Amino acid sequence: MTPEASPRLDSKAPSGPIQDRWDQHRVDLKLVNPANKRKFHVVVVGTGLAGASAAASLAELGYNVSVVCIQDSPRRAHSIAAQGGINAAKNYPNDGDSVYRLFYDTVKGGDFRARESNVYRLAQVSNNIIDQCVAQGVPFAREYGGVLSNRSFGGAQVSRTFYARGQTGQQLLLGAYSALMRQVGLGKVKMYARREMLDVVVVDGVARGIVCRNLTTGEYERFAGDAVALCTGGYSNVFFLSTNAKTCNVTANWRAHKRGAFFANPCFTQIHPTCIPVSGSHQSKLTLMSESLRNDGRVWVPTNAGDPRPASEIPESDRDYYLERRYPSFGNLVPRDVASRAAKERCDAGFGVGGGNAVFLDFRDAIERDGEDTIRRKYGNLFQMYAKITGDNPYRVPMRIFPALHYTMGGLWVDYNLESTIPGLFVLGEANFSDHGANRLGASALMQGLADGYFVLPYTIGGHLAGRSLGAVDTNHAAFDEAENAARERTERLLAVQGRRSAESLHRELGLVMWDNCGMGRSAEGLRGAAEKIRGLRDEFWQNVRVPGESGNLNQALEYAGRVADFMEFAELTVSDALHREESCGGHFREEHQTEEGEAKRDDERFAYAGAWEFEGVGTPATLHKEPLTFEYVHLTQRSYK
Amino acid sequence: MSGHEGGGDGMKITLKVWRQAGPDADGQMETYHLHDVSPDMSFLEMLDILNERLIQTGQEPVAFDHDCREGICGTCSLVIDGQAHGPEAGTTACQLHMRRYANGDTIHVEPFRANAFPVLRDLVVDRSAFDRIQTKGGFVSVHTGSAPDGNAIPIPQLVADQAMDAAACIGCGACVAACPNASAMLFVSAKVSHLGLLPQGKAERDQRVRAMVGQMDEEGFGNCTNHFECMAACPKEISVENIARMNREYLAATFRSRDDA
Amino acid sequence: MLRWLGTALFSSVGRKIVMGLTGLLLVGFLIEHLAGNLTLFQDSDGTAFNEYKEWLESFGPLLKVAEVGLFLLFASHIAIALKLSLENREARKQRYVIRSSRGQATAASLSMLFTGSVVMLFLIKHVGFDFRFNGDFHEAPAAVVKDTLASPVSGFFYVATMGILGFHLAHGFRSAFQSLGLSHPKLDPLLDKAGIGLAVALAVGFASFPIYYLFFWTGGATS
Ligand SMILES: Cc1cc2nc3c(=O)[nH]c(=O)nc-3n(C[C@H](O)[C@H](O)[C@H](O)COP(=O)(O)OP(=O)(O)OC[C@H]3O[C@@H](n4cnc5c(N)ncnc54)[C@H](O)[C@@H]3O)c2cc1C
Ligand code: HEM
Ligand code: HEM
Ligand code: SF4
Ligand code: F3S
Ligand code: FES
């Protein structure tokens with residue numbers, strides 16, 4: 001039984017030998033005549049790796065570009081926080097890497113829920129990304145001889161990760177930001193910071209602009225263009241607590257979804273196993289500790305539930321190194337989803353430490369073996385960060401860690417051109433659903449964001465601009481009036497409720513419902529209950545939220561309330577998606593679908609497709625469209641890390 | 001105004017916070033009492049609690065900028081007891097934790113202050129001047145697609161490390177806030193150094209330093225008289241050696257460049 | 001034609017470079033000046049000092065050129081200092097309610113305008129009234145110097161201002177190197193020490209004259 005393909009989802013993925021597909025596609029794409037490029041105007045939303053790289057590259061080609069972002073400067077987009085590194089198939093270490101291997105690892109790591117053509121293209125352009133970044137002045141780590149240095153990262157047997165200390169995302173973003181600012185200086189890009197996109201404007205079925213709220217003055221602003229590119233990041237914050245920055249939201253994507261862009265695989269969310277656990281009800285976000293710590297740290301819990309002794313006094317015989325026990329060959333280095341679930345399993349069974357919501361990550365043996373200095377050299381900055389946050393000294397006592405929401409593989413559905421189901425609306429970076437399937441490998445999100453922005457959209461947008469006849473549309477068009485009024489009306493509605501609860505308290509409650517039922521483990525029963533609770537919370541939100549102040553000035557509580565309102569609607573879709581997908585794959589673990597040893601059990605017969613949802617109204621079930629996935633090159637196998 | 005009682009048995013903290021309704025409004029310090037501050041809270045989480053109280057009691061919350069809350073985005077911008085980012089060295093305000101304070105402490109919170117960083121509201125300031133400086137030369141002019149292989153030009157590890165030290169700047173503006181002259185030299189010199197040290201950035205180094213300094217001056221920052229307070233306040237501990245390097249580059253560029261501008 | 005020079009000289013960094021250069025040249029002048037003045041201690045009747053002055057004058061027009069140069073050094077140093085200081089005040093109109101240093105800025109670095117201004121007052125008295133533009137001085141240089149320094153009002157004023165000059169240099173010398181871009185991990189700690197050493201040496205050196213003539217000199221007026 002293969003899933004039936006929806007006629008609404010034409011992936012436009014080329015056929016033919018996989019290594020030739022992107023080349024052939026580029027030949028087939030229409031080109032925009034150089035002189036005509038300056039007649040086109042593109043609106044880019046977001047300045048993370050995807051947005052900044054896209055805007056800069058489009059402007060270099062000659063297009064006029066307007067860019068908006070929420071932060072006070074484009075340089076502060078959430079990409080700045082990525083630590084670990086970026087993958088590329090350079091094979092500089094000569095250890096057997098290749099474009100094909102990177103492609104293979106990504107498809108397999110994604111648990112066979114990504115489109116092969118896209119992933120292959122991603123692997124192909126990965127090398128150009130490194131070259132581009134080096135040329136921009138990204139100070140990647142180097143060997144003594146002056147050549148680029150690599151390290152290995154989860155899910156791969158080769159060393160293909162490029163890094164700039166623990167600040168790779170920052171350095172890559174600053175590179176893209178510098179290219180963007182150069183174009184601002186040259187007048188090709190107009191940059192609008194502190195703006196929040198509240199709607200996409202669709203004219204004759206084609207995306208022709210956006211409506212924003214100016215977060216400083218509260219005014220509504222209209223941006224018209226011949227294409228719109230959403231580069232607005234992921235939605236992890238629907239869980240309230242995540243490793244994402246506080247302003248990360250689903251608003252832009254959700255509003256686009258409401259205008260007709262299908263939302264694909266929202267239940268594919270990634271949980272990172274090594275984060276600093278929640279320390280109290282005041283907690284506002286979670287902090288990630290790089291995955292690399294698992295190279296030397298050993299994960300354990302006490303064998304006796306609730307052991308009152310301090311960690312250092314618990315003898316070897318009373319420790320359960322459960323990853324080493326369950327996965328003897330990968331041990332502490334199993335992939336993220338597996339490590340996360342194992343930690344949850346122990347805590348649920350009552351063996352958690354530090355109040356029950358954490359496990360130990362212990363460096364005692366590594367320090368004994370290599371000495372404190374070596375460990376300090378490898379992880380000094382991480383240990384320091386841990387000490388700052390927790391007040392504990394990880395050289396003396398084991399770290400306490402727990403999994404946390406980290407990344408969202410789901411996003412707006414896009415075809416091979418990165419175009420959504422609204423023509424002219426392109427979606428890049430974490431905001432789209434494309435390349436990571438049901439689980440993303442470490443160091444691949446940065447690669448994808450930059451691939452989309454530097455090397456994919458600049459080509460594929462030509463197909464849209466040259467291939468469709470786009471009439472002139474300016475911001476006086478009735479569709480802009482309609483969109484602005486809708487945005488305005490919604491804002492006023494938020495202010496008018498004047499209830500008793502802050503948006504934050506409602507968001508926290510929503511997050512808890514999501515985490516408990518749609519987090520690391522999901523069951524039909526839990527998900528049904530969650531959907532019920534979400535609807536209740538949404539009603540309460542609109543009856544009882546209190547948004548102070550007014551709309552005509554800088555009002556952070558108002559901005560935030562608007563984002564929470566969208567999470568309240570979006571959460572229900574996520575839960576429905578998780579409920580309908582009756583299999584376990586990647587980050588999506590349905591408790592009903594596991595092997596006897598408690599491992600994820602995929603159902604390729606019924607679920608080898610991307611599930612894209614069409615909006616039918618708030619509270620009305622969305623319609624599911626299926627894009628069947630075929631695997632011509634990487635053969636479907638069950639992952640095993642035993 | 002004051003008096004937000006909270007239950008619990010945490011620390012009691014008195015906050016004096018700068019409140020200013022808008023860019024043109026006058027501001028003043030307002031006093032708030034918090035009674036249930038946990039030592040595990042971050043400084044910003046304490047402000048969250050204050051805001052939750054204010055919202056509950058029908059008042060406008062304190063506006064303050066923040067995003068990543070892990071010391072990398074450079075958004076948070078508080079002057080705490082007279083120190084940009086607060087008392088801890090090499091730490092942004094968002095990474096500061098309340099265990100640093102004692103029960104009964106009074107803490108003053110103000111925005112970054114400089115004419116070039118006008119206050120928008122309460123503790124939120126406009127740092128777009130930094131972006132404008134960046135547009136003048138904080139880049140390498142390389143079109144997407146025109147780059148040679150990443151290993152085509154070897155870069156000695158020491159040079160890469162020095163460039164990385166300078167590139168670690170998060171653009172927060174604490175250097176300006178801390179400088180007695182409200183000078184932006186540390187920020188600008190960090191960018192000039194980062195790009196000027198690398199072979200990729202050398203081609204444009206003369207235009208870069210002159211254009212960026214020109215824009216810095218236009219924005220109304222003060223001049224550097226070598227107080228070195230900026231370095232002490234910088235959460236990434238960027239060294240004033242970069243300022244010396246920029247001065248050097250500027251001098252060299254002045255004589256090396258061949259145009260009469 | 002010289003626009004590039006104007007741009008550079010009016011930029012913040014360019015002006016600082018000029019500040020540093022003029023400051024260091026002034027330090028050079030001070031060293032020469034101190035050395036010349038030490039001839040006062042060579043004998044008790046002032047012959048050595050008078051000869052030194054004659055030797056200087058023997059340069060004729062060259063001396064004039066040097067004096068004009070020296071004047072320009074002071075003038076540009078002072079003019080730029082005033083302009084920069086004014087701008088720096090303007091750069092933060094709304095002051096902090098609470099301000100606390102991180103311990104890097106020093107009393108010396110924070111009081112450059114004040115210490116500089118005191119030095120300027122000193123110069124007005126010193127050059128305008130005491131010596132250079134004092135007719136009597138050129139009649140009997142050494143004697144006038146000794147009398148001036150021995151008089152309590154002038155003498156104590158000299159001692160005090162020399163202390164303040166030392167303070168100016170305690171920050172100024174090190175700062176000038178930074179402004180000129182001369183900084184290196186190996187050089188900086190040396191410069192820190194050299195700056196303080198030089199400041200103390202110059203202050204003590206100059207102050208030794210008034211102190212000597214105030215407290216230890218029994219000679220009375222010589223002619
Ligand atoms: C702590 C952490 C560490 C990570 N480490 C790694 C790593 O080592 N390697 C790796 O490959 N990946 C890593 N990731 C993942 C990776 O950083 C992100 O997936 C990626 O940076 C997303 O980039 P983006 O451009 O899609 O979106 P973002 O960088 O999130 O940018 C979103 C942009 O959209 C704007 N925006 C959003 N909504 C609106 C709106 N409504 N109106 C206007 N503008 C809007 C924002 O202002 C922002 O500019 C990490 C993620 C986290 C959280
Ligand atoms: C013999 C006299 C003087 C000497 C040797 C001297 C020396 C110096 C030096 C070496 C500096 C450091 C320059 C730098 O950091 O680049 C300096 C700075 C300064 N000087 Fe003087 N100076 C003298 C007189 C004066 C006078 C008369 C003023 C009058 C107002 C003055 C005001 C200042 C100020 C305000 C600064 C700090 C400005 C800055 O660093 O940008 N100085 N001086
Ligand atoms: C106490 C110590 C000092 C003594 C005894 C002293 C003595 C003199 C004398 C005798 C002259 C006249 C020289 C001439 O006209 O031929 C003179 C000139 C001058 N002195 Fe001093 N001086 C002292 C300190 C200083 C200091 C500290 C400064 C600088 C800050 C200074 C700056 C000058 C200047 C600028 C002139 C004018 C030089 C000229 O026009 O040629 N002096 N000094
Ligand atoms: S130099 Fe330091 S203080 Fe200044 S902006 Fe950069 S990180 Fe912030
Ligand atoms: S504190 Fe200010 S004066 Fe210069 S050295 Fe730093 S910018
Ligand atoms: S909030 Fe990002 S650095 Fe403080």
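All heavy atoms count here, side chains included; hydrogens, waters and symmetry mates do not. Below, chains carry the letters A, B, ... as their sequence lines are ordered, and counting in each starts from 1. The structure presented is a predicted model; accordingly, all values stated were derived computationally and were not measured.
- For B:I55, the parts sitting under 4.5 Å from any heavy atom of chain A are the backbone and the side chain alike.
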Go through the steps for A:Q556 and B:V124 under the test side-chain contact (heavy atoms from CB on, under 4.5 Å), then give the verdict. CA-CA 10 Å; A:Q556 293 172 324; B:V124 177; 3.9 Å; yes

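- Both the backbone and the side chain of A:E60 come within less than 4.5 Å of a heavy atom in chain B.
- Of the atoms belonging to B:S128, not a single heavy atom falls under 4.5 Å from chain A.
- For B:I155, the parts lying under 4.5 angstrom from a heavy atom of chain A are both the backbone and the side chain.
- The closest side-chain heavy-atom distance from B:L120 to A:R194 is below 4.5 Å.
- With a 4.5 Å cut-off on non-hydrogen atoms, A:H78 does not touch chain B at all.
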Intermediate values then yes/no, side-chain contact (heavy atoms from CB on, under 4.5 Å), B:H66 and A:K246: CA-CA 8 Å; B:H66 62 97; A:K246 294 297 284 178; 3.7 Å; yes

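- Of the listed residues A:L174, A:T216, A:T390, the one with more heavy-atom pairs under 4.5 angstrom with chain B than any other is A:T390.
- Residue B:N51 does not touch chain A at all, counting heavy-atom pairs closer than 4.5 Å.
- Counting only heavy atoms from C-beta outward, the side chains of B:D131 and A:M181 approach each other to under 4.5 Å.
- Contact check for A:R500 versus B:Q56: no side-chain heavy atoms found under the 4.5 Å cut-off.
- In this structure a side-chain-to-backbone donor-acceptor pair under 3.5 Å is present from A:R76 to B:C73.
- For B:K136, the NZ atom sits in a loose shell: 12 or fewer heavy atoms of surrounding residues, nucleotides or ligands are nearer than 6.0 Å.
- Atom-to-atom distance recorded for A:R75:CZ and B:C169:SG is 5.0 Å, nearest 0.5 angstrom.
- Within the model, atoms NE2 of B:H97 and NZ of A:K388 stand 10.5 Å from one another, a figure rounded to the nearest 0.5 Å.
- Salt-bridge formation is not detected for the pair A:K285/B:D48: no Lys NZ or Arg NE/NH1/NH2 atom is positioned less than 4.0 Å from an Asp or Glu carboxylate oxygen.
- Both the backbone and the side chain of B:T91 come within less than 4.5 Å of a heavy atom of chain A.
- In this structure, B:F130 and A:Y177 approach most closely via the heavy-atom pair O-OH, 4.5 Å.
- Here the straight-line distance linking atom OG1 of B:T144 with atom CD1 of A:I129 works out to 11.0 Å at 0.5 Å rounding.
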Evaluate the side-chain contact (heavy atoms from CB on, under 4.5 Å) criterion for residues A:R165 and B:D161: first the C-alpha distance (whole Å), next the side-chain angles of each, then the deciding distance (0.1 Å), finally the verdict. CA-CA 9 Å; A:R165 300 215 181 124; B:D161 276 348; 3.8 Å; yes

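- Of the listed residues A:P74, A:S505, A:G391, A:S53, the one with more heavy-atom pairs under 4.5 angstrom with chain B than any other is A:G391.
- You'll find the side chain of B:F139 stays beyond 4.5 Å of the side chain of A:L180, heavy atoms only.
- Residues B:S141 and A:R182 have side chains that bring a donor and an acceptor to within less than 3.5 angstrom of each other.
- Contacts of A:A557 with chain B are made by side-chain atoms alone, with heavy-atom separations under 4.5 Å and no backbone atom involved.
- Neither the backbone nor the side chain of B:L96 has a heavy atom closer than 4.5 Å to any heavy atom of chain A.
- Side-chain contact between B:P61 and A:P548: present, with at least one pair of heavy atoms (C-beta onward) separated by less than 4.5 Å.
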Quick one, B:D40 with A:H282, criterion side-chain contact (heavy atoms from CB on, under 4.5 Å). Give me CA distance, side-chain angles, the key distance, then yes/no. CA-CA 9 Å; B:D40 287 332; A:H282 53 263; 4.3 Å; yes

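- Side-chain contact check for A:F140 versus B:M164: every heavy-atom pair is 4.5 Å or farther apart.
- Within the 4.5 angstrom heavy-atom criterion, atoms from both the backbone and the side chain of B:D65 approach chain A.
- Between atom CZ of residue B:R69 and atom OG1 of residue A:T287 there is a gap of 10.5 Å, rounded to the nearest 0.5 Å.
- A donor-acceptor pair is defined here as one N or O able to donate and one able to accept, closer than 3.5 Å; such a pair exists between the side chain of B:Q157 and the backbone of A:R142.
- B:Q200 places no side-chain N or O within 3.5 Å of a backbone atom of A:G137 that could act as its donor or acceptor partner.
- Residues B:R127 and A:D72 are paired through a salt bridge, judged by an N-O separation under 4.0 Å between the basic side chain and the carboxylate.
- Checked by atom type and distance alone, the side chain of B:D67 pairs as donor or acceptor with a backbone atom of A:T247 at under 3.5 Å.
- Counting non-hydrogen atoms of other residues, nucleotides and ligands closer than 6.0 Å to CG of B:D26 gives a total of 12 or fewer.
- Residue contact with chain B, scored on non-hydrogen atoms closer than 4.5 Å, is absent for A:F162.
- Between the side chain of A:Q170 and the main chain of B:A168, a donor-acceptor pair closer than 3.5 Å is present.
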